[in-house]
2 protein chains.
Amino acid sequence: MPNLASIAALIGDPSRAAMLQALLPGEALTAGELARIAGIGAAAASAQLKALAEAGLIAVHAQGRHRYHRLAGDEIAAALETLIALPQASPRKASPRKAWPHGEAFRQGRLCWHHLAGRLGVALHERLTRDGWIEAAPGGWALTGHGLARCNALGVDLAAARRAPRFACDCMDWSERRPHLAGGLGREVTGLLLRRRWLTRIEPSSTDTLQRRRLTCTPEGARALRAEFGISL
Amino acid sequence: MPNLASIAALIGDPSRAAMLQALLPGEALTAGELARIAGIGAAAASAQLKALAEAGLIAVHAQGRHRYHRLAGDEIAAALETLIALPQASPRKASPRKAWPHGEAFRQGRLCWHHLAGRLGVALHERLTRDGWIEAAPGGWALTGHGLARCNALGVDLAAARRAPRFACDCMDWSERRPHLAGGLGREVTGLLLRRRWLTRIEPSSTDTLQRRRLTCTPEGARALRAEFGISL
DNA sequence: TCGCCGCTTCAGCCGGTTCCGAAACATGGC
DNA sequence: GCCATGTTTCGGAACCGGCTGAAGCGGCGA
(Lines give C-alpha, C1' and ligand atoms only; values in the text may rest on other atoms or scores of the structure.)
Protein backbone atom coordinates (compact mmCIF):
# COMPACT_ATOMS: atom_id res chain seq x y z
CA MET A 1 0.00 0.00 0.00
CA PRO A 2 2.78 2.50 0.69
CA ASN A 3 4.15 1.55 -2.71
CA LEU A 4 2.90 4.67 -4.38
CA ALA A 5 4.59 7.05 -1.98
CA SER A 6 7.90 5.25 -1.79
CA ILE A 7 8.29 4.81 -5.52
CA ALA A 8 7.19 8.32 -6.35
CA ALA A 9 9.51 9.73 -3.72
CA LEU A 10 12.35 7.84 -5.29
CA ILE A 11 11.60 9.39 -8.66
CA GLY A 12 10.87 12.72 -7.07
CA ASP A 13 14.38 13.71 -6.12
CA PRO A 14 15.86 16.06 -8.73
CA SER A 15 19.15 14.20 -8.95
CA ARG A 16 17.57 10.80 -9.28
CA ALA A 17 15.00 12.10 -11.73
CA ALA A 18 17.75 13.50 -13.94
CA MET A 19 19.51 10.15 -13.91
CA LEU A 20 16.35 8.26 -14.77
CA GLN A 21 15.57 10.63 -17.60
CA ALA A 22 19.07 10.17 -18.92
CA LEU A 23 18.49 6.43 -18.98
CA LEU A 24 15.20 6.69 -20.88
CA PRO A 25 16.75 6.23 -24.32
CA GLY A 26 17.68 2.74 -23.22
CA GLU A 27 21.44 3.06 -23.11
CA ALA A 28 23.43 1.91 -20.11
CA LEU A 29 25.49 4.67 -18.51
CA THR A 30 28.28 4.52 -15.96
CA ALA A 31 27.99 5.94 -12.47
CA GLY A 32 30.37 8.76 -13.37
CA GLU A 33 28.40 9.80 -16.42
CA LEU A 34 25.21 9.83 -14.43
CA ALA A 35 26.85 11.87 -11.72
CA ARG A 36 27.87 14.50 -14.26
CA ILE A 37 24.42 14.53 -15.81
CA ALA A 38 22.79 15.02 -12.42
CA GLY A 39 25.36 17.64 -11.48
CA ILE A 40 26.44 15.98 -8.25
CA GLY A 41 29.59 14.35 -6.98
CA ALA A 42 30.50 10.74 -7.44
CA ALA A 43 29.79 9.95 -3.82
CA ALA A 44 26.26 11.28 -3.90
CA ALA A 45 25.56 9.63 -7.22
CA SER A 46 26.70 6.30 -5.89
CA ALA A 47 24.28 6.50 -2.99
CA GLN A 48 21.38 7.48 -5.21
CA LEU A 49 22.06 4.75 -7.72
CA LYS A 50 22.20 2.23 -4.94
CA ALA A 51 18.77 3.32 -3.77
CA LEU A 52 17.34 3.11 -7.28
CA ALA A 53 18.78 -0.34 -7.77
CA GLU A 54 17.45 -1.62 -4.46
CA ALA A 55 14.00 -0.44 -5.42
CA GLY A 56 14.26 -2.31 -8.68
CA LEU A 57 14.02 0.74 -10.88
CA ILE A 58 17.42 0.28 -12.48
CA ALA A 59 19.63 -2.70 -13.15
CA VAL A 60 23.39 -2.64 -12.67
CA HIS A 61 25.98 -4.44 -14.70
CA ALA A 62 29.58 -4.38 -13.51
CA GLN A 63 32.22 -4.43 -16.20
CA GLY A 64 35.79 -3.93 -15.13
CA ARG A 65 36.05 -0.78 -13.08
CA HIS A 66 32.91 0.64 -14.63
CA ARG A 67 29.40 -0.03 -13.45
CA TYR A 68 26.76 0.32 -16.11
CA HIS A 69 23.28 1.32 -15.08
CA ARG A 70 20.12 0.95 -17.13
CA LEU A 71 16.39 1.03 -16.51
CA ALA A 72 15.12 -2.24 -15.15
CA GLY A 73 12.38 -2.75 -17.70
CA ASP A 74 9.80 -1.48 -20.11
CA GLU A 75 7.29 -0.80 -17.37
CA ILE A 76 9.69 1.55 -15.65
CA ALA A 77 10.27 3.51 -18.82
CA ALA A 78 6.57 3.63 -19.58
CA ALA A 79 5.75 4.88 -16.10
CA LEU A 80 8.38 7.61 -16.38
CA GLU A 81 7.02 8.70 -19.71
CA THR A 82 3.53 8.82 -18.27
CA LEU A 83 4.70 11.11 -15.50
CA ILE A 84 6.61 13.34 -17.89
CA ALA A 85 3.50 13.66 -20.01
CA LEU A 86 1.32 14.61 -17.07
CA PRO A 87 1.78 18.38 -16.89
CA GLN A 88 0.69 18.63 -20.48
CA ALA A 89 -2.42 16.75 -19.51
CA SER A 90 -3.59 19.16 -16.84
CA PRO A 91 -5.32 21.90 -18.76
CA ARG A 92 -5.59 24.59 -16.13
CA LYS A 93 -7.49 26.82 -18.48
CA ALA A 94 -9.27 24.08 -20.40
CA SER A 95 -6.89 24.48 -23.30
CA PRO A 96 -7.77 21.59 -25.56
CA ARG A 97 -4.82 19.55 -26.75
CA LYS A 98 -2.12 22.04 -25.99
CA ALA A 99 0.96 21.52 -28.12
CA TRP A 100 3.62 19.42 -26.50
CA PRO A 101 6.31 21.92 -25.53
CA HIS A 102 9.10 19.87 -27.02
CA GLY A 103 7.69 19.99 -30.46
CA GLU A 104 6.02 17.83 -32.95
CA ALA A 105 9.26 16.14 -33.95
CA PHE A 106 9.32 14.46 -30.57
CA ARG A 107 5.87 13.15 -31.16
CA GLN A 108 6.78 11.77 -34.56
CA GLY A 109 9.27 9.20 -33.40
CA ARG A 110 11.32 8.61 -30.28
CA LEU A 111 12.92 5.95 -28.17
CA CYS A 112 10.96 4.69 -25.18
CA TRP A 113 13.27 2.50 -23.15
CA HIS A 114 14.86 1.02 -26.26
CA HIS A 115 11.92 0.49 -28.47
CA LEU A 116 10.17 2.70 -30.94
CA ALA A 117 7.47 5.11 -29.73
CA GLY A 118 5.51 8.01 -31.10
CA ARG A 119 3.52 8.02 -34.31
CA LEU A 120 6.00 5.68 -35.96
CA GLY A 121 5.84 3.20 -33.11
CA VAL A 122 2.07 3.19 -33.05
CA ALA A 123 1.88 2.81 -36.81
CA LEU A 124 4.27 -0.13 -36.69
CA HIS A 125 2.27 -1.80 -33.94
CA GLU A 126 -0.89 -1.37 -35.93
CA ARG A 127 0.58 -2.86 -39.09
CA LEU A 128 2.06 -5.85 -37.29
CA THR A 129 -1.27 -6.75 -35.71
CA ARG A 130 -3.42 -5.92 -38.69
CA ASP A 131 -1.25 -7.71 -41.22
CA GLY A 132 -0.97 -10.77 -39.06
CA TRP A 133 2.70 -10.69 -38.10
CA ILE A 134 1.81 -11.17 -34.45
CA GLU A 135 -1.15 -12.61 -32.59
CA ALA A 136 -2.36 -12.37 -29.02
CA ALA A 137 -0.69 -14.78 -26.63
CA PRO A 138 -0.67 -15.18 -22.85
CA GLY A 139 1.11 -12.17 -21.42
CA GLY A 140 1.57 -10.37 -24.71
CA TRP A 141 2.09 -11.28 -28.34
CA ALA A 142 3.58 -14.15 -30.31
CA LEU A 143 4.82 -14.29 -33.88
CA THR A 144 2.62 -15.95 -36.46
CA GLY A 145 4.13 -18.11 -39.16
CA HIS A 146 3.87 -15.19 -41.50
CA GLY A 147 5.55 -12.86 -39.01
CA LEU A 148 8.32 -15.35 -38.38
CA ALA A 149 9.12 -15.54 -42.07
CA ARG A 150 9.08 -11.79 -42.50
CA CYS A 151 11.28 -11.17 -39.48
CA ASN A 152 13.83 -13.70 -40.66
CA ALA A 153 13.80 -12.16 -44.10
CA LEU A 154 14.42 -8.74 -42.60
CA GLY A 155 17.19 -10.00 -40.36
CA VAL A 156 15.58 -9.46 -36.97
CA ASP A 157 17.57 -11.22 -34.26
CA LEU A 158 14.76 -13.33 -32.87
CA ALA A 159 17.05 -15.31 -30.61
CA ALA A 160 18.03 -12.12 -28.81
CA ALA A 161 14.40 -11.07 -28.65
CA ARG A 162 13.42 -14.33 -26.98
CA ARG A 163 16.06 -13.88 -24.33
CA ALA A 164 14.23 -10.79 -23.03
CA PRO A 165 11.98 -11.15 -19.97
CA ARG A 166 9.02 -10.73 -22.29
CA PHE A 167 9.11 -11.50 -25.96
CA ALA A 168 6.54 -8.97 -27.14
CA CYS A 169 4.03 -6.85 -25.28
CA ASP A 170 2.26 -3.52 -25.44
CA CYS A 171 3.58 -0.28 -24.06
CA MET A 172 1.22 2.66 -23.83
CA ASP A 173 2.21 5.60 -25.94
CA TRP A 174 1.32 8.75 -24.07
CA SER A 175 1.48 11.06 -27.05
CA GLU A 176 -0.66 8.88 -29.29
CA ARG A 177 -2.76 7.18 -26.62
CA ARG A 178 -2.40 3.88 -28.37
CA PRO A 179 -0.03 1.00 -27.71
CA HIS A 180 3.31 0.53 -29.41
CA LEU A 181 5.42 -2.59 -29.48
CA ALA A 182 7.66 -3.36 -26.51
CA GLY A 183 9.47 -6.39 -25.20
CA GLY A 184 12.40 -8.15 -26.80
CA LEU A 185 10.84 -8.04 -30.25
CA GLY A 186 10.24 -4.31 -30.00
CA ARG A 187 13.84 -3.79 -29.02
CA GLU A 188 15.27 -5.92 -31.79
CA VAL A 189 13.08 -4.47 -34.50
CA THR A 190 13.98 -0.96 -33.41
CA GLY A 191 17.65 -1.88 -33.35
CA LEU A 192 17.36 -3.19 -36.88
CA LEU A 193 15.70 -0.01 -38.11
CA LEU A 194 18.48 2.04 -36.58
CA ARG A 195 21.29 -0.18 -37.91
CA ARG A 196 19.88 -0.01 -41.41
CA ARG A 197 19.65 3.76 -40.98
CA TRP A 198 15.97 3.75 -41.83
CA LEU A 199 15.64 5.73 -38.65
CA THR A 200 18.31 7.96 -37.14
CA ARG A 201 18.85 9.69 -33.84
CA ILE A 202 18.58 13.39 -34.51
CA GLU A 203 20.92 14.65 -31.81
CA PRO A 204 22.52 11.66 -30.15
CA SER A 205 25.13 13.82 -28.44
CA SER A 206 22.78 16.41 -27.03
CA THR A 207 22.89 16.91 -23.30
CA ASP A 208 19.13 17.34 -23.27
CA THR A 209 17.68 13.93 -22.52
CA LEU A 210 14.55 14.62 -24.49
CA GLN A 211 16.48 15.64 -27.57
CA ARG A 212 18.64 12.56 -27.39
CA ARG A 213 15.59 10.37 -27.76
CA ARG A 214 14.21 11.97 -30.88
CA LEU A 215 14.15 9.77 -33.97
CA THR A 216 13.55 10.74 -37.55
CA CYS A 217 12.95 8.78 -40.69
CA THR A 218 15.56 8.94 -43.46
CA PRO A 219 14.41 9.18 -47.11
CA GLU A 220 15.42 5.61 -47.77
CA GLY A 221 13.77 4.66 -44.51
CA ALA A 222 10.49 6.11 -45.67
CA ARG A 223 10.67 4.00 -48.82
CA ALA A 224 11.66 0.89 -46.92
CA LEU A 225 8.98 1.27 -44.27
CA ARG A 226 6.37 1.54 -46.99
CA ALA A 227 7.74 -1.46 -48.84
CA GLU A 228 8.31 -3.72 -45.86
CA PHE A 229 5.55 -2.74 -43.47
CA GLY A 230 3.11 -0.71 -45.52
CA ILE A 231 3.64 2.36 -43.36
CA SER A 232 3.32 5.66 -45.18
CA LEU A 233 3.90 8.92 -43.41
CA MET B 1 12.37 19.42 -17.97
CA PRO B 2 12.16 19.42 -14.16
CA ASN B 3 8.59 18.23 -14.56
CA LEU B 4 9.38 14.66 -13.72
CA ALA B 5 11.03 15.44 -10.42
CA SER B 6 8.52 18.01 -9.24
CA ILE B 7 5.46 15.92 -10.03
CA ALA B 8 6.91 12.73 -8.64
CA ALA B 9 7.98 14.55 -5.49
CA LEU B 10 4.45 15.79 -5.09
CA ILE B 11 3.11 12.26 -5.30
CA GLY B 12 5.99 10.93 -3.27
CA ASP B 13 5.02 12.33 0.10
CA PRO B 14 3.23 9.70 2.20
CA SER B 15 0.41 12.02 3.24
CA ARG B 16 -0.25 13.30 -0.24
CA ALA B 17 0.01 9.82 -1.70
CA ALA B 18 -2.60 8.55 0.75
CA MET B 19 -4.92 11.37 -0.24
CA LEU B 20 -4.45 10.72 -3.93
CA GLN B 21 -5.08 7.03 -3.49
CA ALA B 22 -8.24 7.81 -1.57
CA LEU B 23 -9.42 9.90 -4.51
CA LEU B 24 -8.75 7.19 -7.08
CA PRO B 25 -12.30 5.76 -7.05
CA GLY B 26 -13.44 9.08 -8.46
CA GLU B 27 -15.41 10.42 -5.54
CA ALA B 28 -14.88 13.93 -4.25
CA LEU B 29 -13.83 14.08 -0.59
CA THR B 30 -13.68 16.98 1.82
CA ALA B 31 -10.47 18.31 3.30
CA GLY B 32 -11.35 16.89 6.69
CA GLU B 33 -11.97 13.41 5.37
CA LEU B 34 -8.70 13.46 3.51
CA ALA B 35 -6.90 14.67 6.62
CA ARG B 36 -8.26 11.73 8.59
CA ILE B 37 -7.33 9.30 5.82
CA ALA B 38 -3.80 10.62 5.69
CA GLY B 39 -3.56 10.65 9.46
CA ILE B 40 -2.54 14.29 9.78
CA GLY B 41 -4.08 17.43 11.23
CA ALA B 42 -6.37 19.74 9.36
CA ALA B 43 -3.70 22.39 9.01
CA ALA B 44 -1.22 20.06 7.37
CA ALA B 45 -3.87 18.60 5.10
CA SER B 46 -4.89 22.03 3.95
CA ALA B 47 -1.34 22.88 2.94
CA GLN B 48 -0.88 19.61 1.08
CA LEU B 49 -4.15 19.91 -0.77
CA LYS B 50 -3.23 23.42 -1.80
CA ALA B 51 0.02 22.16 -3.26
CA LEU B 52 -1.74 19.37 -5.13
CA ALA B 53 -4.30 21.77 -6.52
CA GLU B 54 -1.69 24.28 -7.64
CA ALA B 55 0.11 21.53 -9.52
CA GLY B 56 -3.12 20.62 -11.27
CA LEU B 57 -3.33 17.14 -9.82
CA ILE B 58 -6.62 17.70 -8.05
CA ALA B 59 -9.57 20.00 -8.59
CA VAL B 60 -11.38 21.76 -5.76
CA HIS B 61 -15.05 22.56 -5.52
CA ALA B 62 -16.26 24.74 -2.65
CA GLN B 63 -19.73 24.01 -1.36
CA GLY B 64 -20.82 25.81 1.74
CA ARG B 65 -18.27 25.30 4.45
CA HIS B 66 -16.99 22.12 2.83
CA ARG B 67 -14.39 21.96 0.14
CA TYR B 68 -14.61 18.92 -2.07
CA HIS B 69 -11.44 17.62 -3.69
CA ARG B 70 -11.23 15.24 -6.60
CA LEU B 71 -8.60 14.12 -9.07
CA ALA B 72 -8.20 16.60 -11.90
CA GLY B 73 -8.62 14.14 -14.73
CA ASP B 74 -8.30 10.72 -16.24
CA GLU B 75 -4.63 11.14 -16.99
CA ILE B 76 -3.87 11.75 -13.35
CA ALA B 77 -5.70 8.62 -12.31
CA ALA B 78 -4.02 6.59 -15.02
CA ALA B 79 -0.58 7.81 -14.02
CA LEU B 80 -1.22 6.94 -10.39
CA GLU B 81 -2.38 3.48 -11.35
CA THR B 82 0.73 3.00 -13.43
CA LEU B 83 2.92 3.87 -10.48
CA ILE B 84 0.96 1.63 -8.13
CA ALA B 85 1.39 -1.22 -10.58
CA LEU B 86 5.14 -0.72 -10.85
CA PRO B 87 6.48 -2.79 -7.97
CA GLN B 88 4.70 -5.78 -9.37
CA ALA B 89 6.54 -5.11 -12.59
CA SER B 90 10.05 -5.29 -11.18
CA PRO B 91 10.81 -8.97 -11.05
CA ARG B 92 13.87 -9.05 -8.85
CA LYS B 93 14.19 -12.76 -9.31
CA ALA B 94 12.82 -12.94 -12.84
CA SER B 95 9.50 -14.25 -11.64
CA PRO B 96 7.33 -14.22 -14.73
CA ARG B 97 3.90 -12.67 -14.29
CA LYS B 98 3.78 -12.71 -10.56
CA ALA B 99 0.25 -12.61 -9.23
CA TRP B 100 -1.01 -9.17 -8.39
CA PRO B 101 -0.88 -9.04 -4.59
CA HIS B 102 -4.38 -7.67 -4.28
CA GLY B 103 -5.94 -10.60 -5.97
CA GLU B 104 -7.60 -11.50 -9.17
CA ALA B 105 -10.87 -9.86 -8.18
CA PHE B 106 -9.18 -6.51 -8.46
CA ARG B 107 -8.10 -7.36 -11.94
CA GLN B 108 -11.58 -8.41 -12.97
CA GLY B 109 -13.21 -5.03 -12.62
CA ARG B 110 -12.43 -1.80 -10.81
CA LEU B 111 -12.90 1.91 -10.93
CA CYS B 112 -10.13 3.98 -12.48
CA TRP B 113 -10.92 7.61 -11.81
CA HIS B 114 -14.64 7.08 -12.34
CA HIS B 115 -14.70 4.85 -15.31
CA LEU B 116 -14.54 1.11 -15.67
CA ALA B 117 -11.17 -0.64 -15.76
CA GLY B 118 -9.86 -4.17 -15.57
CA ARG B 119 -10.95 -7.06 -17.71
CA LEU B 120 -14.50 -5.73 -17.86
CA GLY B 121 -13.37 -2.29 -18.96
CA VAL B 122 -11.11 -3.68 -21.64
CA ALA B 123 -13.82 -6.02 -22.89
CA LEU B 124 -16.29 -3.15 -23.09
CA HIS B 125 -13.83 -1.00 -25.01
CA GLU B 126 -13.20 -3.79 -27.44
CA ARG B 127 -16.89 -4.40 -28.08
CA LEU B 128 -17.67 -0.71 -28.58
CA THR B 129 -14.95 -0.34 -31.20
CA ARG B 130 -15.48 -3.67 -32.87
CA ASP B 131 -19.25 -3.40 -33.06
CA GLY B 132 -19.10 0.12 -34.40
CA TRP B 133 -20.53 2.08 -31.49
CA ILE B 134 -17.61 4.50 -31.61
CA GLU B 135 -15.13 5.54 -34.27
CA ALA B 136 -11.80 7.31 -34.15
CA ALA B 137 -12.04 11.10 -34.01
CA PRO B 138 -9.51 13.88 -33.41
CA GLY B 139 -8.38 13.58 -29.82
CA GLY B 140 -10.24 10.39 -29.06
CA TRP B 141 -13.49 8.75 -30.10
CA ALA B 142 -16.89 9.85 -31.37
CA LEU B 143 -20.20 8.02 -31.38
CA THR B 144 -21.38 6.52 -34.64
CA GLY B 145 -25.04 6.68 -35.60
CA HIS B 146 -25.41 3.14 -34.37
CA GLY B 147 -23.70 3.96 -31.09
CA LEU B 148 -25.87 7.02 -30.59
CA ALA B 149 -29.02 4.99 -30.97
CA ARG B 150 -27.81 2.27 -28.61
CA CYS B 151 -26.72 4.74 -25.95
CA ASN B 152 -30.05 6.52 -26.06
CA ALA B 153 -31.87 3.21 -25.85
CA LEU B 154 -29.81 2.26 -22.81
CA GLY B 155 -30.36 5.62 -21.15
CA VAL B 156 -26.79 6.92 -21.17
CA ASP B 157 -26.73 10.61 -20.29
CA LEU B 158 -24.92 11.83 -23.37
CA ALA B 159 -25.44 15.49 -22.52
CA ALA B 160 -23.48 15.00 -19.31
CA ALA B 161 -20.84 13.06 -21.19
CA ARG B 162 -20.37 15.89 -23.66
CA ARG B 163 -19.84 18.39 -20.88
CA ALA B 164 -16.65 16.57 -19.85
CA PRO B 165 -13.31 17.99 -21.02
CA ARG B 166 -13.04 15.07 -23.37
CA PHE B 167 -16.00 13.12 -24.67
CA ALA B 168 -14.33 9.75 -25.10
CA CYS B 169 -10.71 8.70 -25.11
CA ASP B 170 -8.47 5.78 -24.22
CA CYS B 171 -6.98 5.14 -20.83
CA MET B 172 -4.29 2.51 -20.54
CA ASP B 173 -5.21 -0.42 -18.36
CA TRP B 174 -2.11 -1.51 -16.51
CA SER B 175 -3.40 -4.92 -15.54
CA GLU B 176 -4.62 -5.85 -19.01
CA ARG B 177 -2.16 -3.77 -21.03
CA ARG B 178 -4.92 -2.69 -23.36
CA PRO B 179 -6.98 0.49 -23.41
CA HIS B 180 -10.30 0.93 -21.68
CA LEU B 181 -12.84 3.67 -22.25
CA ALA B 182 -12.34 6.99 -20.46
CA GLY B 183 -13.66 10.51 -20.85
CA GLY B 184 -17.20 11.68 -20.28
CA LEU B 185 -18.69 8.71 -22.11
CA GLY B 186 -16.71 6.26 -20.04
CA ARG B 187 -17.90 7.94 -16.88
CA GLU B 188 -21.56 7.98 -17.89
CA VAL B 189 -21.62 4.41 -19.12
CA THR B 190 -19.99 3.25 -15.91
CA GLY B 191 -22.44 5.28 -13.87
CA LEU B 192 -25.30 3.64 -15.73
CA LEU B 193 -23.96 0.15 -15.12
CA LEU B 194 -23.69 0.91 -11.42
CA ARG B 195 -27.15 2.51 -11.18
CA ARG B 196 -28.73 -0.50 -12.84
CA ARG B 197 -26.79 -2.70 -10.45
CA TRP B 198 -25.26 -4.65 -13.29
CA LEU B 199 -22.02 -3.91 -11.49
CA THR B 200 -21.65 -3.31 -7.76
CA ARG B 201 -18.95 -2.01 -5.49
CA ILE B 202 -17.81 -4.93 -3.38
CA GLU B 203 -16.76 -3.04 -0.28
CA PRO B 204 -17.68 0.60 -0.73
CA SER B 205 -17.16 1.32 2.96
CA SER B 206 -13.74 -0.27 3.29
CA THR B 207 -10.97 1.95 4.53
CA ASP B 208 -8.58 0.27 2.12
CA THR B 209 -8.53 2.39 -1.00
CA LEU B 210 -7.86 -0.54 -3.23
CA GLN B 211 -10.75 -2.53 -1.85
CA ARG B 212 -13.12 0.37 -2.28
CA ARG B 213 -12.47 0.38 -5.99
CA ARG B 214 -13.24 -3.24 -6.65
CA LEU B 215 -16.26 -3.95 -8.84
CA THR B 216 -18.05 -7.18 -9.45
CA CYS B 217 -20.71 -8.26 -11.90
CA THR B 218 -24.13 -9.23 -10.55
CA PRO B 219 -25.93 -12.26 -12.04
CA GLU B 220 -28.41 -10.04 -13.82
CA GLY B 221 -25.51 -7.84 -14.88
CA ALA B 222 -23.84 -10.79 -16.56
CA ARG B 223 -26.99 -11.48 -18.52
CA ALA B 224 -27.46 -7.83 -19.43
CA LEU B 225 -23.86 -7.32 -20.51
CA ARG B 226 -24.14 -10.27 -22.81
CA ALA B 227 -27.45 -9.09 -24.23
CA GLU B 228 -26.56 -5.43 -24.65
CA PHE B 229 -22.86 -5.53 -25.42
CA GLY B 230 -22.09 -9.10 -26.30
CA ILE B 231 -19.67 -9.42 -23.41
CA SER B 232 -19.46 -12.89 -21.90
CA LEU B 233 -17.25 -13.56 -18.94
C1' DT C 1 -27.20 37.57 16.61
C1' DC C 2 -24.62 34.02 18.65
C1' DG C 3 -22.12 29.83 18.68
C1' DC C 4 -20.48 25.80 16.16
C1' DC C 5 -17.91 23.84 12.64
C1' DG C 6 -14.86 23.38 8.65
C1' DC C 7 -11.09 25.28 6.69
C1' DT C 8 -7.06 28.30 6.13
C1' DT C 9 -2.99 31.02 7.53
C1' DC C 10 1.02 31.85 10.36
C1' DA C 11 4.90 30.91 13.32
C1' DG C 12 8.09 27.67 15.10
C1' DC C 13 9.95 23.24 15.81
C1' DC C 14 11.58 18.96 14.36
C1' DG C 15 13.10 15.18 11.48
C1' DG C 16 14.73 13.38 7.38
C1' DT C 17 17.49 13.68 3.29
C1' DT C 18 21.07 15.16 0.43
C1' DC C 19 25.29 16.90 -0.32
C1' DC C 20 30.47 17.22 -0.01
C1' DG C 21 35.34 15.93 1.33
C1' DA C 22 38.38 12.45 2.78
C1' DA C 23 39.65 7.93 2.83
C1' DA C 24 39.36 3.13 1.39
C1' DC C 25 38.59 -0.40 -2.13
C1' DA C 26 38.85 -2.42 -6.80
C1' DT C 27 40.39 -2.62 -11.45
C1' DG C 28 43.38 -2.09 -15.38
C1' DG C 29 47.55 -0.26 -17.64
C1' DC C 30 52.42 0.62 -17.33
C1' DG D 1 54.79 -3.82 -8.39
C1' DC D 2 53.11 0.93 -8.82
C1' DC D 3 50.11 4.44 -10.23
C1' DA D 4 45.86 6.30 -12.34
C1' DT D 5 41.04 5.89 -12.64
C1' DG D 6 36.39 4.67 -11.25
C1' DT D 7 33.55 3.66 -7.46
C1' DT D 8 32.05 3.04 -2.72
C1' DT D 9 31.87 4.02 2.35
C1' DC D 10 31.99 7.11 6.20
C1' DG D 11 31.38 11.35 8.85
C1' DG D 12 29.56 15.82 9.32
C1' DA D 13 27.13 19.88 7.98
C1' DA D 14 23.43 22.28 5.80
C1' DC D 15 19.23 22.48 3.80
C1' DC D 16 14.44 21.57 2.86
C1' DG D 17 9.93 20.13 3.91
C1' DG D 18 6.22 18.61 6.85
C1' DC D 19 3.81 18.68 11.27
C1' DT D 20 1.60 20.84 15.27
C1' DG D 21 -0.79 24.50 17.83
C1' DA D 22 -2.96 28.84 18.00
C1' DA D 23 -5.41 32.31 15.77
C1' DG D 24 -8.44 34.12 12.06
C1' DC D 25 -12.07 33.77 8.41
C1' DG D 26 -16.46 32.29 6.54
C1' DG D 27 -20.73 29.55 6.26
C1' DC D 28 -24.53 27.43 8.66
C1' DG D 29 -28.12 26.60 12.08
C1' DA D 30 -30.50 27.93 16.34
Side-chain angles (χ1 to χ4, degrees), chain A residues 1-23 27-72 83, chain B residues 1-23 27-72 83:
Chain A
M1 183 165 39
N3 288 336
L4 177 60
S6 54
I7 293 228
L10 220 48
I11 305 174
D13 176 73
S15 302
R16 285 192 295 258
M19 293 178 176
L20 290 171
Q21 281 210 38
L23 294 174
E27 301 156 11
L29 300 179
T30 67
E33 289 171 321
L34 289 168
R36 257 170 278 129
I37 287 172
I40 58 179
S46 177
Q48 307 290 33
L49 290 171
K50 184 182 175 190
L52 289 174
E54 281 176 353
L57 288 179
I58 63 174
V60 189
H61 171 68
Q63 192 172 57
R65 53 183 166 186
H66 295 278
R67 288 176 70 105
Y68 287 93
H69 302 261
R70 51 178 227 278
L71 293 186
L83 281 178
Chain B
M1 184 164 39
N3 289 335
L4 177 60
S6 53
I7 293 228
L10 220 48
I11 305 173
D13 176 73
S15 302
R16 285 192 296 256
M19 294 178 176
L20 291 172
Q21 282 209 39
L23 294 175
E27 302 156 9
L29 300 179
T30 68
E33 288 171 320
L34 289 168
R36 255 169 280 129
I37 288 172
I40 58 179
S46 178
Q48 306 293 30
L49 289 170
K50 184 181 174 188
L52 290 174
E54 280 177 353
L57 288 180
I58 62 174
V60 189
H61 172 67
Q63 192 173 54
R65 53 183 166 186
H66 294 281
R67 289 176 69 107
Y68 287 93
H69 302 261
R70 51 178 228 276
L71 292 186
L83 280 178

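So you know, we letter chains A, B, ... as the sequences are listed, proteins then strands, and number each from 1. Since this is a predicted model, take the numbers as computed values, not measurements.
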Using a cut-off of strictly less than 4.0 Å, decide whether [X] has a side-chain nitrogen or oxygen near OP1 or OP2 of [N].
X: A/R67; N: D/dT8; result: yes
X: B/Q48; N: D/dG17; result: no
X: A/S15; N: C/dC19; result: yes
X: A/R16; N: C/dT18; result: yes

Could you give the [atom1]-to-[atom2] distance, from [X] to [N], as a whole number of Å?
X: B/H61; N: C/dG6; atom1: NE2; atom2: P; value: 18 Å
X: B/Q63; N: D/dG27; atom1: CD; atom2: P; value: 14 Å
X: B/Y68; N: C/dT8; atom1: OH; atom2: C1'; value: 18 Å
X: A/L49; N: C/dT18; atom1: CG; atom2: P; value: 13 Å

Does A/I11 reach the side chain of B/I11, with side-chain heavy atoms less than 4.5 Å apart?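 In short, these two side chains do not touch, never coming nearer than 4.5 Å.
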For residues A/Y68 and A/H66, determine if any side-chain heavy atom of one lies less than 4.5 Å from a side-chain heavy atom of the other.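 Result yes, sub-4.5 Å side-chain heavy-atom pair found.
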I need the minimum non-hydrogen distance between B/A22 and B/L34, along with the two atoms involved.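 Smallest interatomic distance, heavy atoms only, reads CB-CD2, 4.2 Å.
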Nearest-nucleotide comparison on DNA chain C, the residue closer to the 5′ end among A/A9 and A/A43: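 Its nearest nucleotide lies further toward 5', so the answer is A/A9.
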Closest nucleotide of DNA chain C for B/H66 versus for A/G39: which of these residues is on the 5' side?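 Nearest-nucleotide comparison on DNA chain C picks B/H66.
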Counting N and O atoms only, with roles assigned by atom type, does the side chain of A/R67 sit under 3.5 Å from a partner on the main chain of A/A31, one being a donor and the other an acceptor?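 No, because the side chain of A/R67 does not come within donor-acceptor range (under 3.5 Å) of the backbone of A/A31.
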Nearest to side-chain heavy atoms of A/K50, which nucleotide of D/dT9, C/dT8, D/dT7: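 So the nucleotide nearest the side chain must be D/dT9.
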Please work out if B/A31 contacts a base, only the sugar-phosphate, or nothing of the nucleic acid, heavy-atom cut-off 4.0 Å.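 The answer is sugar-phosphate, as B/A31 gets under 4.0 Å only of primed atoms, P, OP1 or OP2.
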